[in-house]
Amino acid sequence: MENGEWFNMDSMDGMRRQQSNYEVVNESRNSSGYSLQSEFHRESDHSEYQVQFAGIIEDIQVHVDITNRTEVLRMIDRGKMEQMIPLKVSGERNTILSLSRYNIKLMYRDHSAETLIIRVPIHEIAAVCYVNDDGVHILAVKYGNPERCSLLVLYCDTPGRAERICSDVAQCFQLVYTDAVVQLLEDTIGRVENSSTGSPTINNENGRKYSLEGQDNPGFSASQLSLTDPRNASKTRSRSVANSDSGQSAQSYQAELLRSYLEQLRNKFSVDELAKFSTLLKQINEFSPKNPMDLQAVFKEVFQLYGNERKHLLAGLCPFIYEKHYDKFLEFLKKQGISLDNGTLSSRHSFPACTLPPSVTVPPLLMTIWTANWSSWPPPPLSW
Amino acid sequence: MTMGDSNKNLYAKMIVDVVLGPVLEKLEKKDVSAAQTLRAAFTKVDNTLPGFAYDYVKGILKKAEIHDKFDLCETLLQLGGSQDCEELRISRQEPTFQELNKCATALKKILSRIPEQIYDRKQFLETIKEIASAIKRLLDAVNRVIAEVPAADNGSKQILEDRKKEFVRYSKKFSNMLKEFFRDTNQNQSVFISANYLIYQTNLILRTVKQECC
């Protein structure tokens, strides 16, 4: 094989290469390689596969050519030389890859005990590659954010399993992309519904004026996901999901987003730092500054807290900043040289940022997490 | 699928717009009087007996023994983007009104592609993105028309605003049907029906603007 089988989340161009394999291997799938009915539709759906965990190669350049088999093997060879991954994997421990529409989770499973190795949210995955290197079936997952990528390296016993994992990850990519596109349509409809004709006499049915900054739509901007605001459940349907199942899906997805970010922070911050983070985030979102410079001062404190080594994580904070301060936050990030410009869905910029209305809150949620005993991490499943 | 009354009424109105309308327009070139008489008759009967146009066309199709050879809902949707008649065109030449004509035609054209693209996920998702843009452009165009209505004419403004709200309501229904479809791909008929409603609402906007502004 000249090239590895790459499954690119962004353009799905890589899908075409694997089509001929899947028409043979997976006859239940349609001509574009997908089951018409996704196996990962329900939030509880997940699949498990037995793999061998080789390791994680850090500091992969964002712009590395991911369609090139030679590049992939070169990265893996570098990883071996720098001892990020072993030369040989013993396969003694039972490693399970669990895949759902939200994330890939890698775990050791010994008898009844499970140890989490890594969890990668689907929206952070740039591509998945299967390379057959002289009978060694390598599965590589490139993931990360606009600043930094990593390569998760796994081995599979058989080509069929590797191909199946790739195909199933592609399904999950498609679900994420589908959700994002439908959300885009909803957001567009919501935005145009509230766009004004400029006439002061035009009011809605309830005799109150709609505006993006008004009470009925607190904190929403055009391209942002929304959660149902219980206070306005019978109104403002433009910003909420009419169907409770799909509302639950959007809420669960955002909950997963939050959990994923918090877990990233947990790995990098001390307990005191996390507590300070909670206070600062609350300050940002509840801020009504008389002097705009006061908000900048809070941003600076957040930046100082993250520091130079962790500042790349600041971009991940965007989904949790309320609309009213979102643009200023973006501006602040740009001034600090933290870029969000990446056209791929693996970047924060492409993925619709979400803001949460005050009634479905980040601060109380965070308070719940921060005030809980740290021994109880990870936090219990979120419910809204 | 069981034909609900509301769906039958929708099909009847679509048939008037995209089947009978264009045919009568062609007839007008040969016999204006006959075409206008027929048009008035169909309108009157359909208003008195909602769904008449549907029964009429179904009867013709049965007589021709082709009524079971195609799906009417899908066909009306495909026709909805390709057929246009004078009745649905705004005659005012100002850019604001011509822009509305263009945006309405563009949205209907994209919606009419749904039956052929719905089973190709990648293509269908791109179409949905186009639909989102087209809806935005259409409603922006409606807003510009509303802004041009004289300030003293609040009645017309309100009528147009109500028409816009109705359109938004059906847009949301369409978006919900899409979600259902992505959960269960057997729900394609629901997507076609809601897309047909959206085309019909687009035509209603055009008719209302003609009525209030021309």
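In what follows, chains are A, B, ... by sequence order, proteins preceding strands, each numbered from 1. The figures here come from the full heavy-atom set of this structure, side chains too, leaving out hydrogens, waters and symmetry mates.
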For B:Phe167, is it the side chain, the backbone, both or neither that has a heavy atom under 4.5 Å from a heavy atom of chain A? neither
Could you report the tightest heavy-atom contact between A:Thr188 and B:Ala132, atom names first, then the distance? CG2-O, 3.3 Å
Compare every heavy atom of A:Val181 with every heavy atom of B:Leu125, then report the nearest pair and how far apart it is. O-CG1, 3.7 Å
To the nearest 0.5 Å, what is the distance between [atom1] on [X] and [atom2] on [Y]?
X	Y	atom1	atom2	value
B:Ser175	A:Asp187	OG	CG	9.5 Å
B:Ile128	A:Thr178	CD1	OG1	7.5 Å
B:Tyr170	A:Ile189	OH	CD1	14.0 Å
B:Arg121	A:Gln171	CZ	CD	9.5 Å
B:Phe182	A:Gln174	CZ	CD	8.5 Å

Take atom NZ of B:Lys210 as the centre, draw a 6.0 Å sphere, and report whether it contains more than 12 heavy atoms from other residues, nucleotides or ligands. yes
Could you please spell out the steps behind the side chain to side chain contact (heavy atoms under 4.5 Å, CB included) verdict for B:Ile135 and A:Leu185? CA-CA 9 Å; B:Ile135 286 176; A:Leu185 176 63; 4.1 Å; yes
Using 4.0 Å as the upper bound for N to carboxylate O, is an ion pair formed by A:Glu186 and B:Lys172? no
